[in-house]
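Okay, so here's the structure we're looking at.
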Amino acid sequence: MTETPAPLHGVTVVDISSSYAAPTASMYLGDMGADVIKIEPLRGDDARGWGPPFLNGEAAWFLSVNRNKKSLCLDIRTDDGRDVLFRMLETADVFIENLNPAKLERHGLGLDTLRKTFPRLVICALSGFGLDGPDAHLPGYDLIAQARSGMMSVTGDAGVPQRVSTALSDIAAGTVAAYAIAAALVRQQKHGVGEVVDVSLLDADLAFMAPRIASYLAGDPEPRPCGGTDSVVSIYQPFGTSDRPVVVAVGNDRIWQRACAALGLEELAADPELASNAGRRSRRAEVVAAFEAVLSTMTCADALKALQDVGVPCAPISSLSEVVDDPQVQAREAIVTQPHPRAGDFRGVGSPWRLGTQTDRTPRLSAPLQGEHGREILTGVGFEAQAIDELVEAGVVWLP
C-alpha cells in the first residue's frame, strides 16, 4: 500500500512542557505527523535527569516520551525569550504548556493574553487539577492524582492501598490531551478558530474510575482494596496454578458455562443460582474456591489451553522480559527502535494505534539532544545568524 501523508502532516506544535504528561501529548501528535518544536529551559527538560538507567548519558524515561520532536533551549522568562516564543506562535497551530497559571502570567503568557494575540491557536493547558476550582494552584504528579481520584483506595491487597506502578496518570492525561487537541484542530482547519484545551491528571484518573464511581453512586458499598479481583464480575482475577499464576475473566454467562465445562465444574454450571453474575457474586467465595481448587492442580500451560480452547479469556501474568519477547507484541511491532546519535538504538513502546496507510512504524525523529535543533528552528522563523548569536550571548538561547 502506498504511503500517504500522516493525518497531522503540516501541523506545527510548539511545546514548552516538561516531565511526562504533556510531552506524551506532543509525542502522539508528532507520531501523527505534526512538526513538534520542544522548547526546553536552558538547563533542559527535568526528565533528562530521570535515571538511571541512562544510555550514554541519555535518560531512558526521556527517550521514551520525546520521539518525533525538535529541541530548542530558550529562556521564556526574559522579554527577548518571550518575543522569540511569540514569533514562533504566529505560525504555529498548537501550543502546549504545563506551567502553573501564576507562572504563565508572570512570564506574560496568560491564557487570556494568548487567546487575544493568537485567536486561531489551539492552546492546551495540562495541569494537576485543571484551570479552575479551589486546588487549581496546587502542583500535581501521578502519585497525587492516583491518590485524589480514589484509584489507590481500590488498588492493592485488602487494607493496603497502592499506586498503579507506572506513570498511569501522566500517560492517560497526555493521551486525552492529544485526542482533544486533534478534535480542536479539525474545527480550526474548518473555521479558523482556536481553543483552550484544559486537561488535568485528576480528571484523567477519574475517567479510569468511572465504573467504580458509578457503582458507588448507584448504591454499592464504599469499595476497598481487593487485590486483583473485580468489584462487579465474580470471576475476574488471578489464580495460582502449579507453576505460575494466570488471570481468568468470566465476563458473561456464556463464558461461565464454558469455563465450568473446561475445568470439570459441571455441578456449578448446572446450579440455577449461579447462572447469572449477580448470583455468582452473592456466592463469590464458593465460586472462587472451586476455581482455585482445580487450577492449582494444573500447570499454567495446561490451564491456558483448556480455557482458551473453549473461548474463555485468560492469560499468564507476564514479566517485562516476557512482554518484550511476546510473539503478539512482536507481530504488532509494538516495540520500536529509535536510532539515537548518543544513546544508540533505543527500544521503546511505539504509538498505541495503527493506521492502514502508515506501514512503517519507525519514528521519523529520535528524541532530540538538548537544544539540538535550536539554530535550525530559529532560522526557520526568520532569525538571521547574527541575531541568533546575540540571543546566545545574552543567555536567552543555549546551543550545544
Side-chain angles (χ1 to χ4, degrees), residues 19-21 23-24 27-28 31 47-68 141-143 146 151-152 155-157 160 162-172 174-175 208 225-230 236-249 291-292 295-309 312-354 360-363 366-367:
S19 299
Y20 214 88
T24 295
M27 179 179 68
Y28 283 166
D31 290 350
R48 289 188 182 275
W50 287 359
F54 294 100
L55 302 176
N56 200 20
E58 299 293 315
W61 272 64
F62 177 86
L63 296 174
S64 73
V65 77
N66 283 291
R67 64 176 175 262
N68 289 329
Y141 282 91
D142 169 75
L143 174 65
Q146 288 199 34
M151 188 178 296
M152 288 181 64
T155 303
D157 292 329
V160 187
Q162 294 179 5
R163 168 183 174 266
V164 178
S165 186
T166 187
L168 184 73
S169 315
D170 295 320
I171 297 167
T175 304
F208 276 129
C226 53
T229 64
D230 185 78
Y236 199 91
Q237 65 187 76
F239 291 95
T241 67
S242 64
D243 52 354
R244 61 179 296 181
V246 298
V247 294
V248 181
F291 272 62
E292 286 176 337
L295 289 169
S296 66
T297 67
M298 305 173 72
T299 65
C300 171
D302 288 344
L304 293 178
K305 185 178 189 312
L307 293 167
Q308 289 174 346
D309 281 353
V312 175
C314 57
I317 299 177
S318 300
S319 65
L320 292 189
S321 60
E322 293 172 315
V323 170
V324 297
D325 289 333
D326 186 312
Q328 181 66 18
V329 173
Q330 292 184 341
R332 296 280 289 171
E333 298 181 313
I335 306 296
V336 297
T337 299
Q338 308 171 39
H340 189 274
R342 184 175 296 158
D345 284 344
F346 169 74
R347 298 176 68 213
V349 178
S351 50
W353 61 80
R354 309 294 185 276
D360 186 359
R361 289 179 54 77
T362 305
S366 62

Looking only at heavy atoms, what is the nearest atom pair of [X] and [Y], with distance?
X      : Y      : result
Asp142 : Ala167 : OD1-C, 3.7 Å
Ala59  : Trp50  : CB-O, 3.5 Å
Leu63  : Ala367 : CD2-CB, 3.7 Å
Arg244 : Cys300 : CG-CB, 3.4 Å
Ser318 : Val323 : CB-CG2, 3.8 Å
Gln146 : Val164 : OE1-N, 2.8 Å

* **Whether over 12 other heavy atoms sit under 6.0 Å from Tyr141 OH** => no
Donor-acceptor contacts, no H, no angles, side chain residues 327-337, under 3.5 Å, sequence neighbours left out:
none

Looking at [atom1] of [X] and [atom2] of [Y], how far apart are the two atoms once the value is rounded to the nearest 0.5 Å?
X      : Y      : atom1 : atom2 : answer
Leu307 : Phe291 : CG    : CZ    : 8.0 Å
Asn68  : Tyr28  : CG    : OH    : 12.0 Å
Asn66  : Met27  : CG    : CE    : 8.0 Å
Arg67  : Asp31  : CZ    : CG    : 4.0 Å
Glu292 : Thr241 : CD    : OG1   : 12.5 Å

* To do: Using distance alone, with no hydrogens and no angle criterion, decide if Tyr20 and Ser64 have a side-chain donor and acceptor under 3.5 Å apart.
  => yes
* Can you list the residues that meet the salt bridge (charged side-chain N to carboxylate O under 4.0 Å, His left out) rule with Asp170, with sequence neighbours excluded? ->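 For Asp170, no residue satisfies salt bridge (charged side-chain N to carboxylate O under 4.0 Å, His left out) once neighbours in sequence are set aside.
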* Taking ring-ring contact (aromatic ring centres under 6.0 Å, His included) as the test, write out the residues that go with Phe62, two or more places apart. => none
Should [X] and [Y] count as side-chain neighbours, where that means a heavy-atom distance under 4.5 Å?
X      : Y      : answer
Gln338 : Arg347 : no
Arg163 : Ser169 : no
Cys314 : Val246 : no

* **Residue list, side-chain contact (heavy atoms from CB on, under 4.5 Å) with Asn56, at least two apart or on another chain** =>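 Asn56 satisfies side-chain contact (heavy atoms from CB on, under 4.5 Å) with Arg342 once adjacent residues are dropped.
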* **Test side-chain contact (heavy atoms from CB on, under 4.5 Å) applied to Ser319 - qualifying residues, sequence neighbours left out** => Ser321, Glu322
* Sidechain-backbone polar pair: Arg361 side chain, Ser351 backbone, donor-acceptor under 3.5 Å -> yes
* Asked: Tell me the side chain to side chain donor-acceptor pair (under 3.5 Å) pairs involving residues 296-308, sequence neighbours left out?
  -> Thr299-Asp302, Lys305-Asp309
